[in-house]
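Remarks on the structure that follows.
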Amino acid sequence: MEPTEQKVHLLIADISGFTRFIWAHRETLAHAQVIINELLRAVLETVEAPLEVAKLEGDAVFLYLPAGDAGARVPAAVDGFFRAFAARQRELYAGNLCHCDSCANIGELRLKVFVHSGSALFYSLGRFQELSGPDVITIHRLTKNSVRGDQYLLATEAAYRSLAFPPDMGFQRAEERYPDIGAVPIHVHYPHLPFNPQQCAKRSWGYRFGREWIKYFRSLPYRFGWKRVTLPDHLGVSGD
């Protein structure tokens, strides 16, 4: 494939607090990574054509779609990212039976979404398709910024003007500066999707209580040397 330049909308969905979360809970690293994977999976499950995943970047998903009429789908896609992330986070917390540091602190994680409109050079490297160019660099550079908060949508001026964001979203204007890029005007929106562990805990207590009793009864054949009894599947436990 010959390198081709296209007008595109670029997006990055980035898990906020990833480094701190992994480092703080490094003794339970496997569980920490499972949690990150599940939250990224929740975002990926909302992706629909013409939006395409360019690549996974550790704690982030880099996406793009051709500029044009399809750009009208970006605001809805971004809203879907935030809602899917929040819903999966609540599910993980409420259904959690593990008491390790990673599983107990799922609520530390948040989502940031970055949107920029411009162009990208598409080229093939082996079996991979890559994107490059100044606008690709710009959106990645914007993931390191001075915006306060750990959950927000950041749209560059170019994206804000070319995409049909609802007027009632309440963007705040700001500017970022980078030595090799210069000034980058931005618009920031803070979605109101708080994580409330108290609400999750109500479901979690009942869920855990029921699961613990089921596990106890399943263990009785082993405790007393009886023949193992298989509980019906509708009890919702597929394994110990």
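As the structure is a prediction and not an experimental result, all values here were calculated from the model.
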State, with a plain yes or no, whether a side-chain heavy atom of Y178 is found less than 4.5 Å away from one of T138.
no

L51 and A77: which non-hydrogen atoms are nearest, and at how many Å?
CD2-CB, 4.1 Å

Residues V43, I15; criterion side-chain contact (heavy atoms from CB on, under 4.5 Å); working and verdict:
CA-CA 10 Å; V43 172; I15 294 183; over 6 Å; no

Candidate pair D180 and R141, rule side-chain contact (heavy atoms from CB on, under 4.5 Å), full reasoning
CA-CA 10 Å; D180 49 350; R141 195 65 56 85; 2.7 Å; yes

Quick check for you: to the nearest 0.5 Å, what is the distance between Q172 atom CD and H187 atom NE2?
11.5 Å

L131 reachable from L121 in the ILVMFWY side-chain graph, under 4.5 Å edges:
no

d(F165 CZ, D79 CG) to nearest 0.5 Å is 11.0 Å

Backbone N or O of D150 within a donor-acceptor pair of the S16 side chain at under 3.5 Å?
yes

Evaluate the side-chain proximity of V8 to F122: yes if any heavy-atom separation is below 4.5 Å, no if none is.
yes

What distance do L10 atom CG and L63 atom CG have between them, rounded to the nearest 0.5 Å?
9.5 Å

For S146, does its backbone N or O pair with a side-chain atom of E176 as donor and acceptor, under 3.5 Å?
yes

Interatomic distance, CD@E52 vs CD@Q129, rounded to 0.5 Å, equals 8.5 Å

Sub-3.5 Å donor-acceptor pair from the side chain of D135 to the main-chain atoms of A120, do we have one?
no

Considering all heavy atoms of both residues, which atom of Y160 and which atom of A155 are nearest to each other, and what is their separation?
N-CB, 4.4 Å

Evaluate F114 against T156 for side-chain contact (heavy atoms from CB on, under 4.5 Å), listing each step before the verdict.
CA-CA 8 Å; F114 304 85; T156 62; over 6 Å; no

Do L56 and L40 have side-chain heavy atoms sitting under 4.5 Å apart?
no

Spacing of R73 atom CZ and L65 atom CG [to the nearest 0.5 Å]
8.5 Å

Could you report the tightest heavy-atom contact between I186 and E175, atom names first, then the distance?
CG1-N, 4.0 Å

Measure the spacing between CG of L39 and CG of L92 and express it to the nearest 0.5 Å.
5.5 Å

Between H189 and G170, the two heavy atoms sitting closest are ND1-O, 4.3 Å

Does this structure show an ion pair linking E45 with R88, if we count only N-O contacts that are shorter than 4.0 Å?
yes

Is it true that, when you exclude E57 itself, more than 12 heavy atoms of the residues, nucleotides or ligands shown sit nearer than 6.0 Å to its CD?
yes

So which heavy atom on P75 is nearest to which on P166, and how close?
CB-CD, 4.2 Å

Can you find a heavy atom in the side chain of T46 that is under 4.5 Å from one in the side chain of F85?
no

How close do F82 and Y152 get, heavy atom to heavy atom, and via which atoms?
CZ-O, 3.4 Å

With heavy-atom distances below 4.5 Å as the criterion, would you say the side chains of R83 and P191 are in contact?
no

Evaluation steps, side-chain contact (heavy atoms from CB on, under 4.5 Å), between V136 and F62
CA-CA 10 Å; V136 174; F62 179 34; 4.1 Å; yes

